[in-house]
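Worksheet for the structure shown next.
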Amino acid sequence: MPHRPVSSTGGSTKMSALNKIARTLVSNRRGILAADESIGTMSSRLEKVGVEPTEENRRVYRELIVTTPRLSESISGIILADETFHQKLSNGRTFPEFLADLGILAGIKVDTGAKPLAGAENEKITEGLDGLRERVREYVRLGATFAKWRAVITIGDNLPSDRAVRANVHSLARYAGLCQEGGLVPIVEPEVLMDGAHSLAQCRQVTTAVLETLFDELDLMQVQLDGIVLKPNMVVAGTDSSEQPSVTDVARATVDTLRETVPASVPGIAFLSGGQSPEVATKHLGAMQNLSPLPWELTYSFGRALVGPALETWRGDNDNWAAAQKALSERAVANAAAR
């Protein structure tokens, strides 16, 4: 089905601005840093390294991240959680203001998490559409330029169900439309989870089906594809699979899947790491760059695979501040080099 053009002049102007932001996010070998863990998830990660999970410690940790020297050379945008978005650094600047000073785009996670899907055992639906139009308007006022919404798809016995796939991509498409209407570039994130014993072939089959259904739904909702960034999983075997594919096999399966499903009008694809180790995720990204020509930029939108080593190094001790920032910088530079 051909994608619908924007008809009005005002709409064309807005889409031109969104296309520019989307292209900036995937430009110049840079990638996107996902620092948008929920309060619960971030608190749990702090506890694991012996740090009290307070609001102030979450703020300090994220200040460590954004003040890392020369971060803008490898990172184009940082996705923030709502709590962080409204906090201030020690210098009195809000996080979006400080990122703007650095030349890094500020993003915001707008979903409210994955909840059990009614009538679909062991499957989830991401929520957060209620009031989203108004929240988008407020985030734009406060300095956001892009947003994120994550849907999760599970592979298992007779899973995923059509019900779960359709419900999740419908929500993703509605979210994307509301973001574009309000002036934010939507990062569209349909994550096929690594959890399980599925094979590389099974992951490819499910990922293909999810992406095909997603782009049908985006078209139905008149989402303009040149104003989004796609954030998919890489095509990998499940973590419990007895047969783990090579780096080359993962790169080939992932790129082949994307070529079959993702229109060339999408400016860029920013992979999630999905629980892969930092080093392995970087190797996979690097191997994909060799499979040119590609119609879109391939980059990274990693969370743990970028900041995990920094958190392990910091452990709440400011004597480790510089070493922790060095650990983050090394991961960011390695991923930029892999591009």
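Any value given below was found using the heavy atoms of this structure, including those in side chains, with hydrogens, waters and symmetry copies removed. Not measured: the values here are computed from a predicted model.
Taking a cutoff of 4.0 Å between a charged side-chain nitrogen and a carboxylate oxygen, R29 and E297 do not qualify as a salt bridge. Between R135 and E138 there is no salt bridge, since no side-chain nitrogen of the basic residue lies less than 4.0 Å from a carboxylate oxygen of the acidic one. One finds no salt bridge joining D111 and R150 here, because no Lys/Arg side-chain nitrogen approaches an Asp/Glu carboxylate oxygen to under 4.0 Å. A salt bridge between D82 and K109 is absent, with no side-chain N of the basic residue lying under 4.0 Å from a carboxylate O of the acidic one.
No side-chain heavy atom of W321 sits less than 4.5 Å from a side-chain heavy atom of T313. Counting heavy atoms from C-beta outward, L172 and P190 have side chains that approach closer than 4.5 Å. Side-chain contact between Y61 and R45: absent, with no pair of heavy atoms (C-beta onward) separated by less than 4.5 Å. Side-chain contact between L328 and L33: present, with at least one pair of heavy atoms (C-beta onward) separated by less than 4.5 Å. Between Q325 and L64, the closest side-chain pair of non-hydrogen atoms falls below 4.5 Å. I269 is listed as a side-chain neighbour of L258, based on a closest heavy-atom distance under 4.5 Å. Side-chain contact between V235 and L200: present, with at least one pair of heavy atoms (C-beta onward) separated by less than 4.5 Å. A 4.5 Å side-chain heavy-atom check between W296 and P267 finds every atom pair outside the cut-off.
Not one N or O on the side chain of N320 forms a donor-acceptor pair closer than 3.5 Å with the backbone of G316. Checked by atom type and distance alone, the side chain of S16 never pairs as donor or acceptor with a backbone atom of T13 at under 3.5 Å. Using modelled atom types, one side-chain atom of R59 and one backbone atom of K88 make a donor-acceptor pair closer than 3.5 Å. Formation of a donor-acceptor pair under 3.5 Å by the E63 side chain with backbone atoms of S90 is found in this model. Between the side chain of E191 and the backbone N or O of G274 there is no donor-acceptor pair closer than 3.5 Å. Listed for the K231 side chain is a donor-acceptor partner under 3.5 Å among the backbone atoms of S301. Counting only distance, with no hydrogens or angles, the side chain of T112 and the backbone of E127 share a donor-acceptor pair below 3.5 Å. Judged by distance alone, the side chain of Q244 and the main-chain N or O of G238 form a donor-acceptor pair under 3.5 Å. The main-chain N or O of V26 is never found under 3.5 Å from a side-chain atom of S76 such that the two would form a donor-acceptor pair. Side chain of R58 to main chain of P53: a donor-acceptor pair is present (N/O by atom type, distance under 3.5 Å, no hydrogens or angles).
For residues 218-245, no residue pair satisfies the ring pair (Phe, Tyr, Trp, His ring centres under 6.0 Å) rule, not counting sequence neighbours. Identified under the ring pair (Phe, Tyr, Trp, His ring centres under 6.0 Å) test for residues 64-101, with sequence neighbours left out: F85-Y139.
When the side chain to side chain contact (heavy atoms under 4.5 Å, CB included) test is applied to E312, the partners found at least two apart in sequence or on another chain are V49, R315. Under the rule for a side chain to side chain contact (heavy atoms under 4.5 Å, CB included), the partners of T54 that lie at least two apart in sequence or sit in another chain are E52, E56, N57. For R23, the side chain to side chain donor-acceptor pair (under 3.5 Å) partners at least two apart in sequence or on another chain are N19.
Apart from L193 itself, the hydrophobic cluster it occupies contains V152, where clustering links Ile, Leu, Val, Met, Phe, Trp and Tyr at side-chain heavy-atom distances under 4.5 Å.
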Go through the steps for E260 and L211 under the test side chain to side chain contact (heavy atoms under 4.5 Å, CB included), then give the verdict. CA-CA 9 Å; E260 292 170 6; L211 291 175; over 6 Å; no

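Clustering ILVMFWY residues whenever any of their side-chain heavy atoms sit less than 4.5 angstrom apart, transitively, puts L272 in a cluster other than the one holding Y300.
Across L285, I32, L230, a single residue satisfies side-chain contact (heavy atoms from CB on, under 4.5 Å) together with F271, and that is L285.
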